[in-house]
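Working notes for the structure below.
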Amino acid sequence: QEPAAHLSLAVGSINTLILLTSSLTMVLSHAASGKDDDRAAARGLSWTLLLGLAFLVIKGFEWTTEIGAGFTPAAGIFWSFYYIMTGLHGLHVLGGVVVNALLLRWVLTGGVKSVGGRIEYGGLYWHFVDLVWIFLFPLLYLT
C-alpha cells in the first residue's frame with residue numbers, strides 16, 4: 001500500500017481550506033488598512049492569526065497520529081519527505097503568525113497609520129506560504 005494512503009485527505013483538505021480562508025482575511029485586513037479602518041484591519045489580522053494557529057494545531061495532531069501509527073521519518077523516503085516539507089512549511093506558518101501578531105499589536109496600539117505598508121508586506125509573505133501549501137497538498141495527499 002502506498003504511504004500517502006495513510007494520510008487523511010479530509011484533514012489535509014480542512015487545512016487547505018483554513019489557509020485559503022486566512023489569505024482572504026489577510027486581504028481584507030490589507031484593504032481595511034488602505035482605508036485607515038483600524039477595527040477592520042485588526043479583525044482581519046486577528047482572524048488570520050487564529051487561522052494560522054488552527055493550521056498548526058491540526059498539523060500537530062496529524063503528526064502525532066502518524067508518528068503514533070509508526071510512520072516516522074525513518075519509515076521510508078515518503079515519510080522523510082513528508083516531515084521535512086510539512087515541518088519547514090509549519091515553521092514558515094509560525095513565522096507568519098508571529099508577524100501577524102506583531103502587526104495586530106501595532107494596529108491596536110497605534111492604528112494602521114503607525115504600521116505603514118507592513119500589512120501589505122506581511123500579506124505578501126502570508127500568501128507565499130499559502131501558495132507553497134497549494135503545491136504541497138496535492139504532492140503529499142493526492143499521490
Side-chain angles (χ1 to χ4, degrees), residues 1-109 112 114-143:
Q1 191 171 8
E2 292 294 318
H6 296 285
L7 293 175
S8 172
L9 181 59
V11 171
S13 298
I14 289 167
N15 258 349
T16 301
L17 180 63
I18 286 171
L19 282 185
L20 290 175
T21 304
S22 74
S23 273
L24 171 64
T25 59
M26 194 73 211
V27 166
L28 294 174
S29 180
H30 177 249
S33 73
K35 298 175 186 171
D36 292 330
D37 187 343
D38 295 342
R39 288 184 94 192
R43 186 172 47 250
L45 287 168
S46 296
W47 276 109
T48 305
L49 180 67
L50 290 172
L51 290 165
L53 289 172
F55 176 90
L56 292 173
V57 167
I58 291 170
K59 183 53 67 183
F61 281 118
E62 189 177 20
W63 273 28
T64 302
T65 301
E66 299 301 342
I67 290 170
F71 301 115
T72 66
I77 190 82
F78 172 82
W79 294 105
S80 296
F81 181 77
Y82 169 78
Y83 287 111
I84 288 169
M85 297 310 289
T86 59
L88 284 172
H89 181 261
L91 286 174
H92 284 85
V93 171
L94 180 60
V97 165
V98 169
V99 166
N100 285 319
L102 288 171
L103 289 169
L104 176 60
R105 180 173 178 245
W106 293 333
V107 167
L108 291 174
T109 58
V112 292
S114 70
V115 178
R118 292 185 188 107
I119 291 177
E120 181 177 9
Y121 303 141
L124 289 172
Y125 174 82
W126 193 256
H127 297 316
F128 173 74
V129 170
D130 287 356
L131 182 64
V132 169
W133 181 255
I134 296 302
F135 286 98
L136 285 177
F137 174 69
L139 186 65
L140 298 170
Y141 291 84
L142 301 178
T143 56

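Both backbone and side-chain heavy atoms feed into the values below; hydrogens, waters and symmetry mates do not.
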**Message:** If you compare all heavy atoms of G122 against all heavy atoms of L103, which two are closest, and at what distance to 0.1 Å?
**Reply:** CA-CD1, 4.4 Å
**Message:** On a heavy-atom basis, which atom in S29 and which in L45 lie closest, and how many Å separate them?
**Reply:** OG-CG, 3.2 Å
**Message:** With a 4.5 Å cut-off on side-chain heavy atoms, are F55 and L94 touching?
**Reply:** no
**Asked** What are the two closest non-hydrogen atoms of P73 and S80, and how far apart are they?
**Response** O-OG, 2.6 Å
**Close side-chain approach of W79 and E66, heavy atoms under 4.5 Å** = yes
**Backbone of A42 reached by a side-chain donor or acceptor of S46 within 3.5 Å** = yes
**Asked** side chain to side chain contact (heavy atoms under 4.5 Å, CB included) with L51: which of L17, T21, N100?
**Response** T21
**Prompt:** Distance from F61 atom CZ to I58 atom CD1, nearest 0.5 Å?
**Reply:** 9.0 Å
**Prompt:** Counting N and O atoms only, with roles assigned by atom type, does the side chain of Y125 sit under 3.5 Å from a partner on the main chain of H92, one being a donor and the other an acceptor?
**Reply:** yes
**Asked** In terms of ring plane angle, is the pair F71 and H6 parallel, tilted or perpendicular, where the classes change at 30° and 60°?
**Response** tilted
**Request:** Rounded to the nearest 0.5 Å, what's the gap from CD on E120 to OG on S33? Could you check?
**Result:** 8.0 Å
**Message:** Less than 4.5 Å apart, side chain to side chain, heavy atoms only: is that true for L50 and T25?
**Reply:** no
**Item:** Side-chain heavy atoms of Y83 within contact of I67, under 4.5 Å
**Value:** yes
**Min side-chain heavy-atom separation W47-L28 under 4.5 Å** = no
**Message:** Closer than 3.5 angstrom, by distance alone: can the side chain of S22 be matched with the main-chain N or O of L19 as a donor-acceptor pair?
**Reply:** yes
**Message:** Any non-hydrogen side-chain atom of V27 less than 4.5 Å from a side-chain atom of H127?
**Reply:** yes
**Message:** Please give me the minimum heavy-atom distance between I119 and A41, naming the atom from each residue.
**Reply:** CD1-CB, 4.5 Å
**Complete:** The reported gap from CG in L124 to NE2 in H30 (rounded to nearest 0.5 angstrom) is 8.0 Å
Side-chain donor-acceptor distances from residues 132-143 under 3.5 Å, at least two apart:
unit_1: W133; atom_1: NE1; unit_2: T16; atom_2: OG1; d: 2.8
unit_1: Y141; atom_1: OH; unit_2: K59; atom_2: NZ; d: 2.7
unit_1: Y141; atom_1: OH; unit_2: E62; atom_2: OE1; d: 2.9
unit_1: Y141; atom_1: OH; unit_2: E62; atom_2: OE2; d: 2.6

**Prompt:** For the side chain of D130 and the backbone of L20, is there at least one donor-acceptor N/O pair under 3.5 Å apart?
**Reply:** no
**Message:** I need the minimum non-hydrogen distance between I18 and A54, along with the two atoms involved.
**Reply:** CD1-CB, 4.3 Å
**Asked** Quick one: NE2 on H89 to CE on M85, what's the gap to the nearest 0.5 Å?
**Response** 9.5 Å
**Request:** Enter the distance from S8:OG to I14:CD1 here, rounded to the nearest 0.5 Å.
**Result:** 7.0 Å
**Item:** From CE (M26) to CG (L24), nearest 0.5 Å
**Value:** 11.5 Å
**Request:** For atom CH2 of W106, decide whether the heavy atoms of other residues, nucleotides or ligands shown that lie under 6.0 angstrom number more than 12.
**Result:** yes
